[in-house]
Protein chains: 2
Amino acid sequence: MKSPNDTVPKMSVHSQRGQCAKRLSILEAAAEVFCRQGFAGASIDEIASEACVSRQTVYNHYREKDNLFMAVVEDVMDRANAMLFSTLSSFPENPESLEDDLAAFAVRLSHNCICNQDGKFLRKLVLSEGERYPHLFESWRQHGPGKIGTALAALLSRLSRKGLLQIDDFDVAARQFLALVNADLQMSTLFGVTPTQAELESAARNAVRTFMRAYAPPPAQTNAPALRTA
Amino acid sequence: MKSPNDTVPKMSVHSQRGQCAKRLSILEAAAEVFCRQGFAGASIDEIASEACVSRQTVYNHYREKDNLFMAVVEDVMDRANAMLFSTLSSFPENPESLEDDLAAFAVRLSHNCICNQDGKFLRKLVLSEGERYPHLFESWRQHGPGKIGTALAALLSRLSRKGLLQIDDFDVAARQFLALVNADLQMSTLFGVTPTQAELESAARNAVRTFMRAYAPPPAQTNAPALRTA
DNA sequence: GACGTTTTAGACAATGGTGTCTAATTTTAC
DNA sequence: GTAAAATTAGACACCATTGTCTAAAACGTC
């Protein structure tokens with residue numbers, strides 16, 4: 001229960017620099033090892049050695065293994081969410097070619113949020129440790145994947161209002177867009193293989209082509225009235 | 001290295017009955033515990049007690065933890081593959097209503113292969129232990145998910161040849177069908193929640209509707225020539 | 001250079017797991 | 001009923017890991 005950290009040391013602001021670097025180094029190494037070995041399989045010694053830090057330093061910064069794990073998860077979740085919404089903000093608003101722009105967006109999405117190290121980490125850890133730490137990943141579920149659906153739905157609704165797409169249920173369409181982007185990548189991600197840029201682009205093209213075929217408005221040049229206005 | 005099993009016991013065929021039950025019980029309990037705790041987090045004691053069997057019996061049947069784990073994985077993989085292809089054989093060949101029949105098929109697929117215990121087990125274990133046992137899951141990858149794509153592609157090509165669908169790339173379409181079926185379920189499966197039957201049916205309907213919109217043949221009743229013949 | 005803080009290596013007890021062994025008991029086959 | 005096989009509980013050595021502790025060393029600041 002008690003730990004050396006309980007006696008708050010009056011550390012000068014400047015001495016934080018070295019400490020901060022160590023903290024970061026530990027966090028990074030711990031993410032690596034937890035991702036590779038899982039919580040139970042990871043040992044503090046391994047983390048310390050991978051962080052080029054003594055074991056005691058790890059215990060100084062994070063009192064116990066559980067605590068370190070939670071800190072790592074929260075760190076990765078924050079980074080992943082930031083990246084997610086940063087990528088989301090690059091969604092094409094006034095596309096020149098909707099298909100091309102959506103495909104480019106899909107590539108960014110899979111590259112920055114799904115196939116990167118953080119994405120891999122979260123998939124693995126949510127699945128393997130999610131039940132043991134129900135509240136830990138819950139906030140991520142709500143603020144990350146939970147929100148990306150509605151956020152993407154809102155963006156799709158704008159395109160729909162411009163007449164570039166014809167969508168009846170935006171939430172469903174958003175989930176389907178994400179699912180289609182993943183369709184060709186799932187085998188790779190499941191087995192930890194990082195797809196090449198070419199594979200990413202091919203997957204995105206396939207996804208967007210099908211998405212557009214399903215949700216493209218009827219080719220009403222001038223004469224044909226829209227078959228259905230949702 | 002050496003174990004009691006090395007001195008092959010000349011067991012009569014009949015004495016297998018009790019043994020067989022124990023083996024099965026151990027296998028089942030081990031699957032449960034490995035799935036819940038992961039390989040490193042699972043203890044033989046816990047498995048033995050969950051199987052209502054002494055620890056020594058576990059060691060008698062499977063020499064070591066590694067061995068038990070591999071036996072469990074192979075067992076689950078076999079069951080999952082059998083179920084996969086059994087479900088696949090119920091793919092609508094001469095559909096009355098293609099949309100309804102495809103949706104019913106999608107429900108069967110998600111219910112029997114994705115949302116069941118074996119599906120959960122394999123997702124979890126492939127992801128968390130796949131890198132540690134590269135060859136173990138490799139055969140599953142080839143014979144399971146690797147083949148379902150091509151098998152489903154073949155079935156889709158039949159529907160396409162009958163003029164019920166218009167598909168240019170059958171492999172892509174097959175992957176997309178699977179992805180769409182999962183679109184609404186991924187959040188649930190990721191967090192270990194088993195979807196209700198109603199959710200399954202809703203997800204299937206959404207998936208099939210979009211799939212059909214993307215791949216339905218042009219409504220060439222009699223007059224309109226097909227816009228594109230792939 | 002002196003001070004306080006952080007880091008380090010190493011030893012340490014406590015714990016929990018694996019895999020082995022034994023001796024007693026139960027099950028099963030004939 | 002008897003003999004062989006399987007099962008059981010318990011003890012055991014061994015090892016890895018967690019988390020603590022200490023004394024020495026390195027570091028940064030004044």
Side-chain angles (χ1 to χ4, degrees), chain A residues 1-27 29-30 33-34 36-72 129 132, chain B residues 1-27 29-30 33-34 36-72 129 132:
Chain A
M1 279 296 173
K2 293 208 66 175
S3 84
N5 272 9
D6 284 356
T7 64
V8 183
K10 26 180 170 163
M11 46 181 157
S12 75
V13 180
H14 302 81
S15 75
Q16 284 257 6
R17 198 162 290 153
Q19 261 193 87
C20 208
K22 298 261 178 207
R23 273 187 91 90
L24 258 290
S25 171
I26 293 170
L27 224 50
V33 175
F34 279 134
R36 203 184 328 129
Q37 320 262 51
F39 177 79
S43 86
I44 303 283
D45 282 23
E46 195 172 350
I47 291 170
S49 112
E50 191 139 327
C52 299
V53 143
S54 85
R55 176 171 67 252
Q56 188 58 41
T57 304
V58 178
Y59 281 106
N60 284 347
H61 284 279
Y62 309 90
R63 292 195 314 280
E64 50 194 1
K65 196 183 177 184
D66 255 293
N67 207 16
L68 173 59
F69 180 70
M70 294 195 288
V72 168
E129 319 287 351
R132 190 183 317 282
Chain B
M1 280 296 175
K2 291 209 70 177
S3 85
N5 272 11
D6 284 358
T7 63
V8 184
K10 25 180 170 162
M11 45 180 158
S12 73
V13 179
H14 302 81
S15 75
Q16 284 259 5
R17 198 162 291 153
Q19 263 194 86
C20 208
K22 299 260 179 207
R23 274 186 90 92
L24 259 290
S25 172
I26 294 169
L27 224 49
V33 176
F34 279 135
R36 200 179 337 125
Q37 320 262 51
F39 177 78
S43 86
I44 302 283
D45 282 23
E46 195 173 351
I47 291 170
S49 111
E50 189 140 329
C52 298
V53 143
S54 84
R55 176 171 68 251
Q56 187 59 41
T57 303
V58 178
Y59 281 107
N60 283 347
H61 284 278
Y62 308 90
R63 291 196 312 281
E64 50 192 5
K65 196 182 176 183
D66 254 294
N67 207 17
L68 172 60
F69 180 70
M70 293 196 287
V72 168
E129 318 287 352
R132 192 183 315 284

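Chain identifiers are assigned alphabetically (A, B, ...) following the order of the sequence lines, protein sequences preceding nucleic acid strands; residue numbering begins at 1 within each chain. Here the structure is a predicted model, which means the values were calculated and not measured.
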N/O (side chain, [X]) to phosphate O (OP1/OP2, [N]) under 4.0 Å:
| X | N | answer |
| --- | --- | --- |
| A:Lys22 | C:dT5 | no |
| B:His61 | D:dT7 | yes |
| B:Thr57 | D:dT7 | no |

Just compare [options] and give me whichever is closest to any side-chain atom of [X].
| X | options | value |
| --- | --- | --- |
| A:Asn60 | C:dT7, D:dT7, C:dG19 | C:dT7 |
| A:Glu64 | C:dT20, C:dT8, D:dG19 | D:dG19 |
| A:Tyr59 | C:dT8, D:dG19, D:dT7 | D:dG19 |
| B:Ser43 | D:dT20, C:dT18, C:dT7 | C:dT18 |
| A:Ser54 | C:dT8, C:dT18, D:dT7 | C:dT8 |

Let me know the distance between [atom1] of [X] and [atom2] of [N], rounded to the nearest Å.
| X | N | atom1 | atom2 | value |
| --- | --- | --- | --- | --- |
| A:Lys65 | C:dG16 | NZ | P | 14 Å |
| A:Gln56 | C:dC12 | CD | P | 16 Å |
| A:Asn67 | D:dT18 | CG | P | 14 Å |
| A:Ile44 | C:dG10 | CD1 | P | 19 Å |
| A:Tyr62 | D:dT18 | OH | C1' | 18 Å |
| A:Arg55 | C:dA11 | CZ | C1' | 10 Å |
| B:Glu46 | C:dG17 | CD | P | 8 Å |
| B:Asp66 | C:dT18 | CG | P | 11 Å |

- Query: If an axis is fit to five pairs at each end of the helix from C:dG1-D:dC30 to C:dC30-D:dG1, what is the angle between the two, to the nearest 10°?
  - Reply: 40°
- Taking every non-hydrogen atom, the tightest pair across A:Ala51 and A:Ser25: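 So the minimum-distance heavy-atom pair works out to O-OG, 3.0 Å.
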- Task: Would you name the heavy atoms of B:Val58 and B:Leu68 that are closest together and state the gap between them?
- Result: CG1-CD2, 4.1 Å
What distance do [X] atom [atom1] and [Y] atom [atom2] have between them, rounded to the nearest 0.5 Å?
| X | Y | atom1 | atom2 | value |
| --- | --- | --- | --- | --- |
| A:Phe69 | A:Ile47 | CZ | CD1 | 10.0 Å |
| B:Thr57 | B:Arg23 | OG1 | CZ | 12.0 Å |
| A:Arg55 | A:Glu46 | CZ | CD | 13.0 Å |
| B:Met70 | B:Glu129 | CE | CD | 13.0 Å |

- B:Ala48 near the nucleic acid: base, sugar-phosphate alone, or nothing, with a heavy-atom cut-off under 4.0 Å? nothing
- Message: Regarding B:Ala40, tell me which of base, sugar-phosphate or nothing describes its non-hydrogen contacts under 4.0 Å with the strands shown.
- Response: nothing
- Non-hydrogen side-chain atoms of B:Val33 and B:Arg36 separated by less than 4.5 Å: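 Side-chain contact under 4.5 Å: yes.
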- Under 30°, 30 to 60°, or over 60°: which ring-plane class applies to A:Phe39 and A:Phe34, parallel, tilted or perpendicular? parallel
